[in-house]
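Take a look at the structure set out below.
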Amino acid sequence: MQEATAVETLRLAGDTLELLDQRRLPAAVEWVRCTRAADTAEAIRLMVVRGAPAIGVTAAYGIALEARWLATSAEEFGSGLEAAFAVLAASRPTAVNLFWALDRMRRVWTGACAAAPAAVAERLLVAAQAVHAEDVAANRALGKHGAALLPDGARVLTHCNAGALATAGHGTALGVVRSAVAAGRRISVIAGETRPFLQGARLTAWELQAEGIPVTLITDSMSGHLMAQGEIDAVIVGADRVAANGDVANKIGTYMVAVLARHHGIPFFVAAPLATIDPAVADGSAIPIEERAPEEVTGFGAEQWAPAGIAVRHPAFDITPANLVTALVTEAGIVQRPDAAALDALLQAVRRRRPSGSPARV
Ligand code: MRU
């Protein structure tokens with residue numbers, strides 16, 4: 001079977017980065033246009049674009065757009081580009097892909113700093129396009145690896161949206177589902193709605209429905225009951241950052257689902273590209289957890305249903321300890337029961353691998 005074409009999350013059109021406005025889906029398909037680093041950072045902060053890999057690709061384009069904008073002024077090029085890195089780095093704290101992409105763009109800049117601004121800008125654009133293309137390729141590769149984990153007929157619970165909309169294409173958790181479907185397996189997805197931003201109800205439901213992959217929506221509080229009833233065979237989620245010991249930061253509510261899955265003996269899989277692994281962070285306790293505005297909890301958009309002035313907590317992510325993760329699926333292969341030793345072995349194997357070599361199961 002031919003692999004389904006996923007929705008487009010972001011695209012470059014001349015001097016403009018166009019982002020599918022994920023705040024408006026599924027009610028409206030609208031595009032937000034960014035031309036500089038500051039408006040790109042604002043789009044990330046407001047969650048026009050969201051999902052760790054998509055944020056990374058967007059930030060890379062933000063640097064490239066700003067470099068192009070600054071290229072006519074040799075005096076302001078360096079300070080302007082520094083400001084661009086700073087504003088993008090401050091847009092959201094948890095997804096390490098943002099910082100990974102910015103580091104990569106900075107290395108390109110450093111490597112080309114003797115060149116004229118226009119030439120540096122050109123190299124930064126080529127680098128951003130490479131980050132974009134590599135994300136799609138990584139998702140397709142991890143999807144193929146992970147598809148082996150989902151047997152024919154599997155009913156798979158996912159949380160948040162780790163699909164095409166959260167990446168440059170194909171998706172991570174939903175990339176695994178897509179690849180399993182493309183391999184001819186009948187897979188159905190149970191999408192947790194994912195309060196408060198409703199990535200499951202609005203985004204996962206929308207993109208799977210658009211491709212004809214069977215999807216059933218539940219509220220977050222229904223997953224334990226469905227597991228107890230024997231209606232869920234596996235859980236698969238994405239990640240915003242994987243610590244060196246395998247602890248996983250992902251959308252708030254993921255930890256709860258992982259505990260439930262362990263209680264019910266259901267495998268809990270995490271699908272993420274290598275760019276999501278942060279070897280500089282020893283364990284999950286060191287991962288910064290974003291706290292977002294109370295208005296996202298007291299209501300949605302203009303509709304506010306909680307009493308005015310109510311005290312609110314809004315951590316947007318949580319940490320799932322590595323010992324609850326059955327396997328981590330990456331483009332370099334599957335790591336069963338990820339821990340510090342297994343992740344170190346994976347990263348070392350990737351470093352040793354010849355560029356032309358095919359990904360090995362690690
Ligand atoms: O706040 P969001 O919507 O950016 O959070 C997204 C998630 O938590 C995803 O699961 C994660 O980024 C992986 S996306 C492939």
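First listed ligand is number 1; within each ligand, the first listed atom is number 1. The figures that follow rest on heavy atoms only: side chains count, while hydrogens, waters and symmetry mates do not.
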Can you say whether the rings of F300 and F197 are parallel (under 30°), tilted (30 to 60°) or perpendicular (over 60°)?
-> tilted
When only distance counts, is A52 in polar contact with ligand 1, meaning an N/O pair under 3.5 Å?
-> yes
Near A162, which atoms of ligand 1 are under 4.0 Å from a heavy atom of that residue?
-> 14 (S), 15 (C)
Considering residues, nucleotides and ligands other than R186, do more than 12 of their heavy atoms fall under 6.0 Å from its CZ?
-> no
Could you establish whether A316 and ligand 1 come within less than 4.0 Å of each other, counting only heavy atoms on the residue side?
-> no
Return the option from R241, R92, M47 holding the heavy atom at the smallest distance from atom 4 (O) of ligand 1.
-> R92
Is it true that L10 and W100 fall in one hydrophobic cluster, defined by side-chain heavy atoms closer than 4.5 Å?
-> yes
Considering only non-hydrogen protein atoms, determine which one is nearest to atom 10 (O) of ligand 1 and report residue, atom name and distance to 0.1 Å.
-> N250 OD1, 2.6 Å
Per-atom contacts of ligand 1 with Q199, taking only distances under 4.0 Å to non-hydrogen atoms | 1 (O), 2 (P), 3 (O)
Protein contact of atom 5 (O) of ligand 1 - nearest heavy atom, named by residue and atom, plus distance = K251 CE, 3.3 Å
Measure the distances from the heavy atoms of A95 to every atom of ligand 1 and state whether one is below 4.0 angstrom.
-> no
Any N or O of T172 closer than 3.5 Å to N or O of ligand 1 | no
Taking N or O atoms only and a 3.5 Å limit, does T167 qualify as a polar contact for ligand 1?
-> no
Nearest protein heavy atom to atom 14 (S) of ligand 1, by residue and atom, and its distance?
-> A166 CB, 3.4 Å
So, is I55 polar-close to ligand 1, with some N/O to N/O distance under 3.5 Å?
-> no
Test item, F317 contacting ligand 1 (heavy atom, 4.0 angstrom) | yes
Nearest to atom 11 (C) of ligand 1, what protein heavy atom do you find, and at what distance?
-> D240 OD1, 3.1 Å
Is it true that D220 and R195 make a salt bridge, defined as a side-chain N closer than 4.0 Å to a carboxylate O?
-> no
Might you point out which heavy atoms bring F99 and R92 nearest each other, and give the distance in Å?
-> CZ-O, 3.5 Å
